[in-house]
Amino acid sequence: MDIKLYNTLNRTKEVFRPIRPGHAGLYTCGPTVYDYAHIGNLRTYVFEDALRRVLEYNGLAVSHVMNITDVGHLESDADDGEDKMEKGARRTGKTAWQIAAEYTAAFQDDLKSLNILAPTVWCKATDHIKEQVETIRLIERNGYIYRTSDGIYFDTAKLPSYGALAGRANIEGIQAGSRVEMGEKRTATDFALWKFSPKGGQRQMEWDSPWGKGFPGWHIECSAMSAKYLGTLFDIHCGGEDHIAVHHTNEIAQTEAAYGTRLANYWLHGFFLQLGEEKMAKSSGEFLQLRLLVDKGYDPLAYRYFCLGGHYRTQLKFSWESLTAAQKALENLRAEVGRLVLAAGGGEEPEGPAAAAWREKFKAAVNDDLNMPQALAVLWDLLKDDAATAGDRLSLVREFDAVLGLRLIDLPSGNEIPPALAALLERRKQARAGKQWAESDRLRDEMAAHGYIVEDGPGGQRLRKKRFGE
RNA sequence: GGCGGCAUAGCCAAGUGGUAAGGCGAAGGUCUGCAAAACCUUUAUUCAGCGGUUCGAUCCCGCUUGCCGCCUCCA
């Protein structure tokens, strides 16, 4: 079955055809590690993880590269702002290097919490200064750069194809607009490849280069590192929708100027999470971190479920109400699967006739430009389908969860009973035998206070942990 | 100002040129000493508004209104 992906480059859904059969080269723009990630950032990584898992579900071996931007990302694309890392250092009193290490670790923890598969290659901008300088030299050799008093710039006017990703009209709008600080730039869309250290000042992060001491521009790391790990033309490049007009447009320009290729064949962009009143901007200093959700009692995978509930190419409205809905849905899903485990027993049996149809449905959904909301609907419908055996349903859930990443099976049961509660349970059993309902209810309340719900069924009492909001 | 996108039930959200997935919530019922859990049932004659194309549009086109994103730190 074909995989169809929406390619920003051509603004259409296209059948994915890898350069090398059976393999996919994937580059996903990583974080600038000057602060914690907010949940809006994380939505993009959930989308990219879904892509990665869908490719693998289709039998492709994925080489997945993610960069860590730990130098050169200025506050402003006007190329005159402060380096985010240096600013973060000033804010916290730590070194830029410490900042980078701490927030990189925090970011990787967030990915783990969200059950996002680690890329096959992590690469830091500061570990690849040599490669970046080499790439700039190639661009220089091909005649696309000029020097100003503060750096080496890319001359976008020399590249006729500049701006194909963003659309020519958009680029002309930028060039005509009065909102871009020109400085010494020749054209508004020109951007820095190498920035000089301030005169008379020293940066915490700076390196020698053929043009003078300084640091690489923000965009060049992606062109340089993707070429190193994936080749100068690879399959898929992803990022947030905000990167279309500037960051990715400039990456393409650099790679075209250096190597004559368009960098990647497919460009996929995740759309923003929308918060009502709350700002997602990190500059405000206030933004929602995954940590806060966990502190409020949510499972981080409830946030993943929430993200999968909307298509990656539409903006998704966040609210605590809808996050709670996702948490409940995830709990219900796991409870349902738990019952399935009991019903299925342990035995292996040949797959029944209903299974193949469900597999087709699921695959059709995820292969259609990652329609994860549809895939979730297929999962829910499967669980309700009595025509499929419990064993088939369970094995399909396991298979689907490899794509969804929601940890639906094999969770710690949470049903081991603490000794203190075992005694209460026994006392309640006797109270009930004597029809002492008041005492029975009191004991039930007491166990509830310990975080457990007792349920009375045909087989007697059953204790379970409280769910979200109970 | 330039460019792009979105508007579907109480909330979130898929989707299709032939009359609307799924989740959460809500309501009723079965079960229960009462609950809980589970199960069953119900919950958009309608897809922002107004025109147009069509045998037929929520889905195509135009306009209006509202919201959002990028261009100015964001994924």
Side-chain angles (χ1 to χ4, degrees), chain A residues 8 11 28-32 34-35 37-48 73-78 81-82 84 87 163 166-181 188-189 238-247 269-274 279-284 287 305-306 308-333 335-336 339 365 368 371-381 384 432 435-438 440-441 444-445 448 453-458 461-462 464 466-467 470:
Chain A
T8 305
R11 314 271 155 166
T28 56
C29 275
T32 303
Y34 66 106
D35 205 337
H38 63 233
I39 60 173
N41 297 319
L42 295 172
R43 182 191 180 196
T44 296
Y45 301 107
V46 169
F47 138 62
E48 291 164 347
H73 195 163
L74 302 182
E75 283 186 274
S76 158
D77 282 320
E82 187 175 6
K84 288 183 176 184
K87 188 184 180 190
R168 261 329 281 185
N170 192 6
I171 296 303
E172 280 157 18
I174 291 172
Q175 290 173 345
S178 57
R179 304 182 66 169
V180 181
E181 281 299 325
T189 43
C238 296
E241 57 168 327
D242 55 317
H243 284 338
I244 298 170
V246 178
H247 183 50
H269 294 94
F271 280 46
F272 275 13
L273 184 73
Q274 256 181 258
K279 286 286 287 176
M280 276 284 79
K282 285 186 172 180
S283 55
S284 71
F287 51 88
Y305 185 100
F306 169 76
L308 296 179
H311 188 90
Y312 78 90
R313 218 147 40 69
T314 58
Q315 293 183 355
L316 178 61
K317 282 179 258 182
F318 177 86
S319 69
W320 294 106
E321 185 185 1
S322 32
L323 183 63
T324 301
Q327 171 82 31
K328 295 282 220 176
L330 181 61
E331 286 177 352
N332 290 342
L333 219 39
E336 189 72 32
R339 286 189 285 275
D368 181 17
N371 193 336
M372 307 314 279
Q374 186 62 46
L376 286 174
V378 171
L379 174 64
W380 281 102
D381 289 342
K384 285 179 277 191
R432 291 176 58 72
K435 294 195 191 296
Q436 297 162 13
W437 306 127
S440 166
D441 292 351
R444 184 166 64 196
D445 291 345
I453 300 289
V454 63
E455 296 173 353
D456 301 315
Q461 298 176 313
R462 198 177 77 88
R464 66 167 172 85
K466 277 190 179 179
R467 295 180 188 172
E470 275 185 335

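Naming: A, B, ... by sequence-line order, numbering from 1 per chain.
- Partners of A/Asp381 by side-chain hydrogen bond (donor to acceptor under 3.5 Å, both in side chains), not counting sequence neighbours: none found.
- Contacts of A/Gly239 with the nucleic acid, taken as non-hydrogen atoms under 4.0 Å apart, involve only primed sugar atoms and P, OP1 or OP2.
- For A/Gln436, the side-chain hydrogen bond (donor to acceptor under 3.5 Å, both in side chains) criterion is met by no residue, not counting sequence neighbours.
- Which of B/rA21, B/rA37, B/rA75 sits closest to the side chain of A/Thr44 comes down to B/rA75.
- Nucleic acid contact for A/Gln436: none, since no nucleic acid atom lies under 4.0 Å from a heavy atom of the residue.
- Every side chain to side chain contact (heavy atoms under 4.5 Å, CB included) that A/Ser322 has, sequence neighbours left out, goes to A/Phe306, A/Ser319.
- The ring-ring contact (aromatic ring centres under 6.0 Å, His included) search around A/His269 returns A/His248, not counting sequence neighbours.
- Between A/Leu316 and the options A/Gln274, A/Arg43, A/His311, a side-chain contact (heavy atoms from CB on, under 4.5 Å) holds for only A/Arg43.
- Residue side chain A/His311 does not reach the base of B/rA13 through any donor-acceptor N/O pair under 3.5 Å, judged by distance alone.
- Using a 4.0 Å heavy-atom distance criterion, A/His269 is classed as making no nucleic acid contact.
- Among the nucleotides B/rA75, B/rA21, B/rC71, the one closest to the side chain of A/Phe272 is B/rA75.
- Listed by chain and residue number, A/Asn170, A/Ile171, A/Ala245, A/Thr249 satisfy the side chain to side chain contact (heavy atoms under 4.5 Å, CB included) test with A/Ala166 (two or more places apart in sequence, or in another chain).
- Listed by chain and residue number, A/Arg444 satisfy the side chain to side chain contact (heavy atoms under 4.5 Å, CB included) test with A/Asp441 (two or more places apart in sequence, or in another chain).
- Among the heavy atoms of the strands lying under 4.0 Å from A/Val454 is at least one base atom, whether or not backbone atoms are also near.
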For nucleotides 23-33 of chain B, list the nitrogen or oxygen atoms of the protein found under 3.5 Å from its nitrogen or oxygen atoms, one pair per line.
from	atom 1	to	atom 2	distance (Å)
B/rG23	OP1	A/Lys384	NZ	3.0
B/rC24	OP1	A/Asn332	ND2	2.4
B/rG33	O6	A/Arg432	NH1	2.6
B/rG33	O6	A/Ser440	OG	3.4
B/rG33	N1	A/Asp441	OD1	2.9
B/rG33	N2	A/Asp441	OD2	2.8

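- The CG-C1' distance, from A/Leu379 to B/rA21, rounds to 13 Å in whole Å.
- With pairs defined as Watson-Crick or G-U wobble and both atom distances under 3.5 Å, the stems of at least three pairs that touch RNA chain B come out as B:1-7 with B:65-71, B:10-12 with B:22-24, B:25-30 with B:38-43, B:48-52 with B:60-64.
- Residues passing the side chain to side chain contact (heavy atoms under 4.5 Å, CB included) test with A/Ala448, sequence neighbours excluded: A/Lys466.
- Atom-to-atom, CZ of A/Phe306 to C1' of B/rA14 comes out at 15 Å; the value is rounded to the nearest Å.
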>> Within the 4.0 Å limit for protein heavy atoms, which parts of nucleotides 3-8 of chain B are touched? Write it as a string from 5' to 3', B for base, S for sugar-phosphate only, - for none.
In response: S-----
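- Residues passing the side-chain hydrogen bond (donor to acceptor under 3.5 Å, both in side chains) test with A/Arg339, sequence neighbours excluded: A/Glu336.
- Listed nucleotides: B/rA75, B/rC12, B/rA38. Nearest to the side chain of A/Leu316: B/rC12.
- Contacts of A/Tyr305 classified as ring-ring contact (aromatic ring centres under 6.0 Å, His included), with partners at least two apart in sequence or in another chain: none.
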